[in-house]
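Everything on this sheet refers to the single structure shown next.
Throughout, protein chains are lettered first and strands after them, A, B, ... in sequence-line order, and every chain is numbered starting at 1.
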2 protein chains.
Amino acid sequence: MTPPRLLDENALQEREQTIITVAITLIQRLGIENLTMDKVVAQVPFSKGTVYKHFIGKEDLLLAISNHAIKVLSDLFSRAYLFKGCSRERMLLLNFSYLIYAILYPELFQSVICAKSQSVIGKASEQRLNENDELGVELLTAIHGIVNDGLADDSLTLPEYMNVQQLSFANWSIAYGAIALLSGEVESCSGRTDLIVERELFNHSNLLFDGMGWKPLTKDKKHCTELTIALQSLFPQELALMKEKGRQLNFS
Amino acid sequence: MTPPRLLDENALQEREQTIITVAITLIQRLGIENLTMDKVVAQVPFSKGTVYKHFIGKEDLLLAISNHAIKVLSDLFSRAYLFKGCSRERMLLLNFSYLIYAILYPELFQSVICAKSQSVIGKASEQRLNENDELGVELLTAIHGIVNDGLADDSLTLPEYMNVQQLSFANWSIAYGAIALLSGEVESCSGRTDLIVERELFNHSNLLFDGMGWKPLTKDKKHCTELTIALQSLFPQELALMKEKGRQLNFS
DNA sequence: AATAATAGTGACGAAGCGTCACTGACGATT
DNA sequence: AATCGTCAGTGACGCTTCGTCACTATTATT
């Protein structure tokens, strides 16, 4: 006997996306700490059992949200990667695309961070973890690409004891540090009076790039107005959205 | 009538410390995600009600643990601050003291990060939040101090658009980024093959310091052996403990 | 119509959090 | 010595959340 095929793959995907979207909305409204499966189920046109067909548990759903979030970020990264400009400028743009993302979608940014914790990873499905890995690699690809371009046109030289991966990671790491500590309503860093996340990200990036000898150095060229223009051309919609939120980037 | 004084302040403090210690042990054993008040109560010689006299909720206990953790870190920081050496070397040492801390006490490191989240902050007691602020400032004091020493002896000059606080924060931020992404068993950063936290921390720190123009620059002096020696003299016990754990620092 | 296999449901058990009505101990008062 | 008032301490209980599973509904095949 042939087992009846009642569910098409497409509808399944769609339903999964519905659940994820609802969950993200709930996180926006109530905060990630108040997300419960019961609330998700209540907001969704199917029952608990069905939701649990898609996600083996709350943590699996969280990781799915994180994966969705990484896809959104990935899009911003690739725009920075494809920008026509010198490599150093593009890397700075990439860092700022990360910032824009963190400001515009704080709930997504938070989900990704939250999903890194052992408590989530330990309970998510194998498949979703694999997807997470792939997406992570995809993100790094953009960074690697820019570093490689810098090496190719000689505006950047590898320090003797560092390879491309390490340089790329250094960039990711400093952007992550500044944004995680300063962005959002997270009371992350006491004594952080007068610290403005976009300004610090700008400064940290330039200090790092100067330290790498990534040309043009700050002493030869102020990257400030250039960045403003590039951001405007690359992320017009996003900046407009931020303006609506009453948030404008300001690095003087 | 005189209200009977039956409880002395000292015993209260001691009891609170007992609870905190037990909770930390539980976190070590079971992971922070599996810490429950019931388990703490079961391990402690007094009842739930009494525990809740000290901590208004689970989150309050978590913040108390975080505060304890910061005190431990503070001690390491001040040792780095008091080291006899040039300012740049001391700042590098401070960053490494942070790393040692993260490796030696991963549960404390994790508690601090965890306690930054809105879900914890929002439910902790006012008093404990104040203590947290003070401790945070204390931490930054050591960093500020080293930066100021660097400025005083002219090995470091403020970039025109940055002040002491910003420079200090830059250092904190890059150390945080590297350690948070690479240290511990947190599956934080996919595609992180071949990244070794101590080596990357070493590199990021030096790139940043070079970018700041903090003398002596890497091109004039390899800071590698110097760091090894200083670490051995400042943190002999800690390094020995790490060795016991089968973990040695390796930045080549 | 009967059957078989899958899709979907929601009541329920387990576990965790935090409360509150109660117990008991001790000093003060009579 | 008896009574009272106050406060430390207790743990059973109510509430919420998670995730399961026995059951119902739906659809394709015979």
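Looking at the side chain of B:S47, the nearest of the listed nucleotides D:dG19, D:dA8, D:dG11 is D:dG11.
Rounded to a whole Å, the CG atom of B:L35 is 14 Å from the C1' atom of C:dA15. Rounded to whole Å, atom P of D:dC18 lies 16 Å from atom CD of B:E33. Across the protein-nucleic acid pair, B:F46 atom CZ and C:dA25 atom P stand 19 Å apart, rounded to whole Å. Taking atom CG of B:L12 as the reference point, atom P of D:dC7 lies 14 Å away to the nearest angstrom. Atom CE of A:M37 is separated from atom P of D:dT20 by 10 Å (rounded to the nearest Å).
Sequence neighbours left out, the pairs with a member in residues 38-55 of chain A that pass salt bridge (charged side-chain N to carboxylate O under 4.0 Å, His left out) are A:D38-A:K48.
The bend of the helix from C:dA1-D:dT30 to C:dT30-D:dA1, defined by the angle between the axes of its first five and last five pairs, stands at 30° to the nearest 10°.
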Item to check | Evaluation steps, salt bridge (charged side-chain N to carboxylate O under 4.0 Å, His left out), between A:D75 and A:R79 | outcome: CA-CA 6 Å; A:D75 169 59; A:R79 272 196 263 170; 3.3 Å; yes

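Looking at B:E107 and B:R29, no side-chain N of the basic residue comes within less than 4.0 Å of a carboxylate O on the acidic one, giving no salt bridge. A salt bridge is absent between A:K243 and A:E238: the closest approach of a Lys/Arg side-chain nitrogen to an acidic carboxylate oxygen does not fall below 4.0 angstrom. Salt-bridge annotation for B:R128 and B:E16: present, with a side-chain N of the basic residue lying under 4.0 Å from a carboxylate O of the acidic one.
Side chain A:K48 to base C:dG8: no donor-acceptor pair is found below 3.5 Å.
Aromatic ring orientation, B:F202 versus B:F251: parallel (interplanar angle below 30°, classes split at 30° and 60°). Aromatic ring orientation, B:W172 versus B:Y98: parallel (interplanar angle below 30°, classes split at 30° and 60°).
Contact check of residues 50-63 of chain A against DNA chain D (heavy atom, cut-off under 4.0 Å) returns A:Y52, A:G57, A:K58, A:E59.
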